[in-house]
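Data block below; observations after.
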Amino acid sequence: MVSRKTQFVVNFKGDPHNVYQLIMNWLKVNKYVYKEKYNTKYYQVGDGFWNTAEFFEYYFGENKVIIYAYLRSPKKPFPLDNAGAGSAGSPYMKRIMQLVSAIEGLSAAASPYAQQQGYAEESQRRQLEMINNNLEAEADKKGLFISIGALVCGILNIVILFKGYVLWYLIIAGIVLSLEGLKSRNKLISICALVLTGLVVLVFILVRAGVIYI
């Protein structure tokens, strides 16, 4: 069984602190959490049960940053570039490539011409600000889609309830999506979806108990 981490080596120009800030913001908007286990310092998103557990490590070298991305666990990593498992085209791989492109774009702002003219630092600062804004906007868009998905599940649950039964997998999907949506800026939609799902479960229990009839 394959057990390794997918490595990305990204060369950059300019201030390493700008690259560090970019990586930190990318981790933040994608909800990664810092952890230490198995003598490894890494970032993780997903619990491996409700959603896929994704792991991320990075290390700075001279004018380069080395990234390790993988699934499963730091102890028994599963690579992203394993085509047999379909990981090469996964959403995680796409996010990693987004980060790689952002670092390369930040480096382009410190071009030799910009350095000669003395505005490379200012150019990188502006580029970093633009990239961070784009990352946050994309994360907000993803959060909105998740919240809307949770609300749709809640509405479908109500419709199905009036037919005398519930689909528990739809209930679970609504709860999972609602909780995920609460992490974004679209909390109101997710709260409404969670309330709807909770009401469906409560009404169903009361109907089964013969307390109410629909």
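- Annotation: Tyr34 is in aromatic contact with Tyr43 [ring centroid separation under 6.0 Å].
- You'll find the side chain of Val45 stays beyond 4.5 Å of the side chain of Asn30, heavy atoms only.
- Counting heavy atoms from C-beta on, the side chains of Asn11 and Asn63 never come closer than 4.5 Å.
- The aromatic rings of Tyr58 and Phe56 sit tilted relative to each other, their planes meeting at an angle between 30° and 60°.
- The aromatic rings of Trp168 and Phe204 sit perpendicular, their planes meeting at an angle over 60°, well past the 30° parallel limit.
- In this structure the side chain of Ile96 reaches within 4.5 angstrom of the side chain of Trp26, judged on heavy atoms.
- Gln21 is not listed as a side-chain neighbour of Leu106, based on a closest heavy-atom distance of 4.5 Å or more.
- Summarising the geometry of Lys41 relative to Glu57, their closest heavy-atom pair is O-CG, 3.7 Å, with the distance given to 0.1 Å.
- Under the side chain to side chain donor-acceptor pair (under 3.5 Å) criterion, the residue pairs touching residues 145-161 are Ser147-Ser190, with sequence neighbours excluded.
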Mind listing the side-chain donor-acceptor pairs of residues 191-200 below 3.5 Å, one per line with the distance, residues two or more places apart or on another chain?
residue	atom	partner	partner atom	Å
Thr197	OG1	Ala193	O	3.0

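- When side chains are defined from C-beta on, Tyr70 does not count as touching Arg4, because their heavy atoms never get closer than 4.5 Å.
- Within the 4.5 Å cutoff, the side chain of Phe55 has no heavy atoms near those of the Tyr68 side chain.
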